[in-house]
Number of protein chains: 2
Amino acid sequence: MRAATLELEETVCPTLCEACDARGVSICRVLPHPQLRRLAAPAAIGDYAIGETLLFEGDPAAHVLNITEGAVMLSKGLADGRRQVLGFLFKGDFLGLTLTETYGLSAQALTPAKACRFPRASFQRLLRETPRLEEELLSRASDELVSARLHLTLLGRKSATERVATFLGCMADRTATLGGQPGTAHLPMTRADIADYLGLTTETVSRVISALKRQRTIGQAGRGLVRILDAQRLEALAERA
Amino acid sequence: MRAATLELEETVCPTLCEACDARGVSICRVLPHPQLRRLAAPAAIGDYAIGETLLFEGDPAAHVLNITEGAVMLSKGLADGRRQVLGFLFKGDFLGLTLTETYGLSAQALTPAKACRFPRASFQRLLRETPRLEEELLSRASDELVSARLHLTLLGRKSATERVATFLGCMADRTATLGGQPGTAHLPMTRADIADYLGLTTETVSRVISALKRQRTIGQAGRGLVRILDAQRLEALAERA
DNA sequence: CGTCATGTTGATTCAATTCAAGTCCTGTGG
DNA sequence: CCACAGGACTTGAATTGAATCAACATGACG
């Protein structure tokens, strides 16, 4: 699948960026107008359908992307088809930066999504000349590292119930930050995606979620929406580090 | 336990840094003389015994450290005592940088170790004024993220044998890079440390290592030294992503 | 309204853990 | 130098949490 893209007119870009919904939560936030113009000039907006690939593990790392809309899943594959889901990205998240010549992970859209796409070379050039941007990226890398470590602890040392409870708690937090219903977790991914994120099987994820519903810790609030009914109990089950 | 430290005379420091064995592989590598002086001025050298703590999860993040000698283990604890080992550090590795006010992980010495210790505040100041250093740290954070993702894949999706084989392969690579015997893995950590790194128990690690020895894939080459006898087979068992 | 994905639930199996002895080092003090 | 104490490591037997195998339910969509 190939994403529809729209080249931005150089003159139009500052206006577009000005109007961009994700601006305030994206890396662009830290750029003054001249640098923003430099970033935007060679940019394109990618529009991705559900399941579509934003970038693929092993492909030449030609672009970096900034998500402006929708939900995206990051994953890594093993030779025999097993898969580890590494994380979920939303509006304002940045991806695709790497020191190697090829991407080290894949990214695909979980919902219809949009992303601002910058050629890697020009981005690297801007980066080298804009310490404020470097600082922003270091800060984001630092955050990613923190959440990777929590994820490692979850995968290495938690039980199935703890994993699912931790996951639901995190997703509820994320939903709140992104401006959704507080006390609700938006789950745009399938059970298989959750299982590959938590190092479990779909069956186990399903069983644990059913058990949490049975004991009224959570409840269904519509398609892909879980209501946290007993946040305290969920927190206790999660054993968050 | 409190580490013995030696305050550096400001006038002495450039000489000491000049003589530092870890200089060429540390972040200091990228600093021109004036900045190096600024970095070194408030620095202290910490000397740590086996088992001693370099920094502790939850403590105020007062310092950043650069390892100049020995092996260090990073870990994170759960409330009930379970532990996830996050990684192993050696000469030239940097630790302790965080956006939060407290450390998010613990670090302890596996061998007698030395580390250059910088006050966080002055390091941050230097960092903000030295884009080249920021660049270096971003590059290191990027590497750490890559290895964290490999570790996630290992914990989420690999069997016990695959985990141990992957680990031994990585440690052998690391040993070679650090200038040890090629084809040999130096293991300064205990079975319990390895188990907590791989998300297994000591018994399982021991059983898998015994099995690998029985089938002559690896052999013992002294205390904490494993010889890789059949690298190809080990690689195949590892299912490296 | 039927089809095919996705999700749930149950029965059974299995890989790794837990429990339980031992053995092997290594450093220490007689 | 040797005995021995205590931790590290290994091995075996029993147990178990999650995976696998197998239906079946649900629900989104043409």
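Every chain is numbered from 1, with letters handed out A, B, ... down the list of sequences. Quick caveat, the model's predicted, so the values are computed rather than measured.
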*Asks:* Indicate for each nucleotide in nucleotides 7-17 of chain D, in 5' to 3' sequence, whether protein heavy atoms under 4.0 Å reach the base (B), only the sugar-phosphate (S), or nothing (-).
*Replies:* --SBBBB----

*Asks:* Between atom CG in A:Leu110 and atom C1' in C:dT6, what is the gap in whole Å?
*Replies:* 15 Å

*Asks:* Quick one: does B:Thr111's side chain have a donor or acceptor within less than 3.5 Å of a partner on B:Ala71's backbone?
*Replies:* yes

*Asks:* May I have the distance from A:Asp193 (atom CG) to C:dA5 (atom C1'), rounded to whole angstrom?
*Replies:* 13 Å

*Asks:* B:Leu155 CG to C:dA16 C1': how many Å, rounded?
*Replies:* 15 Å

*Asks:* Can you tell which of A:Thr175, A:Leu187, A:Thr184 makes a side-chain contact (heavy atoms from CB on, under 4.5 Å) with A:Leu225?
*Replies:* A:Thr184

*Asks:* Rounding to an integer number of Å, can you tell me how far B:Lys158 NZ sits from D:dA19 P?
*Replies:* 18 Å

*Asks:* Within a radius of less than 6.0 Å around CD of A:Gln215, do more than 12 heavy atoms belonging to other residues, nucleotides or ligands occur?
*Replies:* yes

*Asks:* Any salt bridge linking A:Glu144 with B:Arg149? Criterion: basic side-chain nitrogen under 4.0 Å from a carboxylate oxygen.
*Replies:* yes

*Asks:* When all nucleic acid strands are considered with a 4.0 Å heavy-atom cut-off, which category describes B:Gly224: base, sugar-phosphate, or nothing?
*Replies:* nothing

*Asks:* Looking at D:dT26, which nucleotide sits across from it as a Watson-Crick or G-U wobble partner, both distances under 3.5 angstrom, or is there none?
*Replies:* none

*Asks:* Figure out the CG/C1' separation between B:Leu198 and C:dA15, and round it to whole Å.
*Replies:* 16 Å

*Asks:* With a cut-off of 6.0 Å (strictly less than), are more than 12 heavy atoms of other residues, nucleotides or ligands near CD of B:Gln181?
*Replies:* no

*Asks:* Any carboxylate oxygen within less than 4.0 angstrom of a Lys/Arg side-chain nitrogen, looking at A:Glu162 and B:Arg82?
*Replies:* yes

*Asks:* Which base, if any, makes a Watson-Crick or G-U wobble pair with C:dA5, both distances under 3.5 Å?
*Replies:* none

*Asks:* Which whole-number value in Å describes the distance from B:Leu154 CG to C:dA16 C1'?
*Replies:* 15 Å

*Asks:* I want to verify the glycosidic state of C:dA5; is it syn or anti under the 90° rule?
*Replies:* syn

